[in-house]
Each structure stands twice: as structure tokens, then as C-alpha cells.
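Everything below concerns the one structure shown next.
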Amino acid sequence: MTGRSETTDTTPLPQSVDLRSIENDLQTLRGRLRTVAEFIHDPAHDFATRHALAQRLGLPVPTPAPAARKTKEATR
């Protein structure tokens, strides 16, 4: 026996506080990445801008809209 009492201490360990902070930061970064990915794949924005941003960030580049779709949108 170690002589310690078996009471549960609710004070968070410094490591658990650090881990929680890191997990919160990671969640924030994932949200920002999701926002950027939505922008990159939104055809309402300039294709060249979206393509360059994707390349710069190392994300999958968007595909250009098919020609038939472009002409449909232009006639609306």
C-alpha cells in the first residue's frame, strides 16, 4: 500500500489542460479548412482564384465547369 487516500482529486492535470487546449485549436483549424474548401469548390467565385488558392494550400484543385453548363448559366 502506498498510504495515499483513495479520494478522487478533480483538479485537472496540467497535461490534460494542455491537451484540451490543443484539441480546441485543432477544432478551430478544421473549421477554417472546411470554410476554405467550400470556397475553393464554389463555382460562384472566380475559377483562377480558387485554383491558385487550392494549389497554394496543397488542397485538391477544383475542376472547371463543363462548357455546356457555362453556356446555360450565361443564357439565364
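One-based numbering along the sequence shown. Fair warning: this is a prediction, and the values are worked out from it, not measured in the lab.
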(message) According to a hydrophobic-cluster definition based on side-chain heavy atoms being under 4.5 Å apart (Ile, Leu, Val, Met, Phe, Trp, Tyr only), do F47 and V61 belong together?
(response) no

(request) Measure the spacing between NE2 of H45 and CG of L53 and express it to the nearest 0.5 Å. (result) 10.5 Å

(message) Contact between L33 and L59 at the side-chain level, heavy atoms closer than 4.5 Å - yes or no?
(response) yes

(request) Measure the CD1-CD distance between I40 and Q55 for me, rounded to the nearest 0.5 Å. (result) 10.0 Å

(message) Donor-acceptor pair, distance only, cut-off 3.5 Å: does the side chain of R50 make one with the backbone of P62?
(response) no

